[in-house]
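Inspection log for the structure reproduced underneath, given as structure tokens.
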Amino acid sequence: MAELSPTQISRRDALKLAAAGTLSFALPALDARAAGQRGAEREKSLITLWLAGGPSQLETWDPHPGTKIGGPTQALGTMVPGLRIADLFPRAAEQIHELSVIRSLVSKEGDHERGAYFLKTGYRPDPTVTHPSIAALVTQQQTNDRVEIPRNVLIGNDPFPGRGGYLGDEFDPFKVFNPRDKVSNVTARVGDTRQQRRLSNLEIVEQTFRRGRTATADRTQHRQTVQRALTMMSSDQLRAFEIEREPESVRAAYGESAFGQGCLMARRLVETGVKAVQVTLEGFDTHANNFDGHRENGEILDPALAALVHDLRQRDLLQSTVVLCIGEFGRTPNINALDGRDHWPSGFSALIGGGGLRSGVVIGETDPEGIKKSPADPIEVPDLYATILSVVGVEYDQELITPIGRPLALCEGTPIERLLA
Amino acid sequence: MNGDLVSELIEANLFNSVGGVAAMAPTHEQCVAAAFLICLSRPPTPTESSHFVAQLQGTTDKPRQRVVEDLFWSLLNTTEFSWNH
């Protein structure tokens, strides 16, 4: 670009420059306010508790005790009139009125990988395109640029993580495999002097490479990625990953499990301004010993979910944080010969709430006898995601052009009116 | 940048090219040129060469190894190494 001399600047340019200058001076003050912001004014985030393997609706939010399909699971009353959940969740039962329950999600994908893809993107797998996960769509909407750590974080080991898809790899989640470990690779291996030498060396060689191929070099995102990593390495916001800074009582409330501690990390990340966090709990694929499997996982999920909802509300973050608890599908009403339940994508449950969504709503009903395949009042997954995207402020029906030139809506669903406040 | 992989690759020892180049290159210029050929399959430009030769000037043994390690670190972290062209 040609250098501008003062006389060449038009009045409009001068105003633009002046406005930009004012803005950059004003930013620190705005930042301080944004960090302290609470309640509905805060930019919205999404926490997904991903129950990998397909949690049984009958052993979570839709029990049918005393029926042929109910198994040994009993039901517990909650503060929502008429809402009873499985007795594996005594602590969550005290918090569940802050959320809503959907008992009639329907999908056509009964395979783990395909089901997980559908439940993470709202689209069925398609060989011509990779759809962005809902977490990536939420992350893409970030307007708060004071966040120096990754804005889309995945905690735990998820075999089928959501991707940035056609939005770009920069919307892939940053992975934290074990929340109890230090975040890996964020510390330089050498002292400051050598690190500075390495970085200035890097700059010299980069300049050679960029000469004559700036656009090609930019397309790789390599320098931007290095720059973001360096910003992150020196950022105070890395403290969001340090759950050991929390009082012992808070850590204990979430449970000692990696999942529980991951939920605590999710709260800290959202508080720092991270847009999307997924915490993963594996072990729901209970083709055998369904009831033992769900009891064990219930002991992990129950305190973590209860503490998360309680903590978010206490800190006035629940209004600005959508909490979604979901897996790739449910499990069969029929109990098989191994005391297990198999894959069941027609009529399964999820919890959804926070972020200004209505709480205490119970949608749908499955057949207590397990004979009718379709639930009453079926809810389509894309509609659930349109609901979340609309409260987060994403223009969910806008069409983007995918890499092969095909216009595609971010989400093909319509928000569920009953969940909108 | 900070991971185990790069750290292990650039640690100078008798059996790898980092240690070899640091100890055996007859001149500073040849040391830098060898590192460039090993990592990027091209000789350094005059600017690059003089930048790195200046760092090697007057170093021996351990300090020299450190300079060469940092040179390899930088080369392995370039856009050019990751994406070629």
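In what follows, chains carry the letters A, B, and so on, assigned in the order in which the sequence lines appear, proteins first and then strands, with residues in each chain numbered from 1.
- Rounding to the nearest 0.5 Å places OG1 of B/Thr79 at 7.0 Å from CZ of A/Arg223.
- To the nearest 0.5 Å, atom OG of residue B/Ser50 and atom CD1 of residue A/Ile204 are 8.0 Å apart.
- No more than 12 heavy atoms of other residues, nucleotides or ligands sit less than 6.0 Å from atom CG of A/Asp192.
- The residue among A/Leu230, A/Thr208, A/Val190 with the most heavy atom pairs within less than 4.5 Å of chain B is A/Thr208.
- For CZ of A/Arg268, the number of neighbouring non-hydrogen atoms (other residues, nucleotides, ligands) closer than 6.0 Å is greater than 12.
- If you measure heavy-atom distances from B/Leu5 to chain A, you find no contacts under 4.5 Å at all.
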- Task: Go through the steps to decide whether B/Gln55 and A/Asn201 satisfy the test side-chain hydrogen bond (donor to acceptor under 3.5 Å, both in side chains), and finish with yes or no.
- Result: CA-CA 10 Å; B/Gln55 290 183 356; A/Asn201 287 351; 2.8 Å; yes

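- The line from CD of A/Gln221 to OG of B/Ser82 is 13.0 Å long, rounded to the nearest 0.5 Å.
- Of the two parts of A/Val186, only the backbone, made up of N, CA, C and O, holds a non-hydrogen atom closer than 4.5 Å to a non-hydrogen atom of chain B.
- Within the 4.5 angstrom heavy-atom criterion, atoms from both the backbone and the side chain of B/Val67 approach chain A.
- In this structure, B/Glu80 contributes its side chain and A/Val205 its backbone to no donor-acceptor pair below 3.5 Å.
- Rounding to the nearest 0.5 Å places CZ of B/Phe81 at 10.0 Å from NE2 of A/His222.
- In this structure, the portion of A/Thr187 lying under 4.5 Å from any heavy atom of chain B is its backbone and not its side chain.
- Although no hydrogens or angles enter the test, the distance criterion places no donor-acceptor pair under 3.5 Å between the side chain of A/Arg198 and the main chain of B/Asp70.
- Residue B/Glu11 places its CD atom among 12 or fewer non-hydrogen atoms of other residues, nucleotides or ligands, all under 6.0 Å distant.
- The contact between B/Ser7 and chain A is made entirely by side chain atoms (from C-beta outward), counting heavy-atom distances below 4.5 Å.
- Separating the CG atom in B/Leu75 from the CG atom in A/Leu202 is a distance of 9.0 Å, to the nearest 0.5 Å.
- Residues A/Phe209 and B/Thr78 are not in side-chain contact: their nearest non-hydrogen atoms beyond the backbone lie 4.5 Å or more apart.
- Between A/Thr225 and B/Met1 there is no side-chain heavy-atom pair separated by less than 4.5 Å.
- Rounding to the nearest 0.5 angstrom, the gap separating the CZ atom in A/Arg219 from the CH2 atom in B/Trp83 is 10.5 Å.
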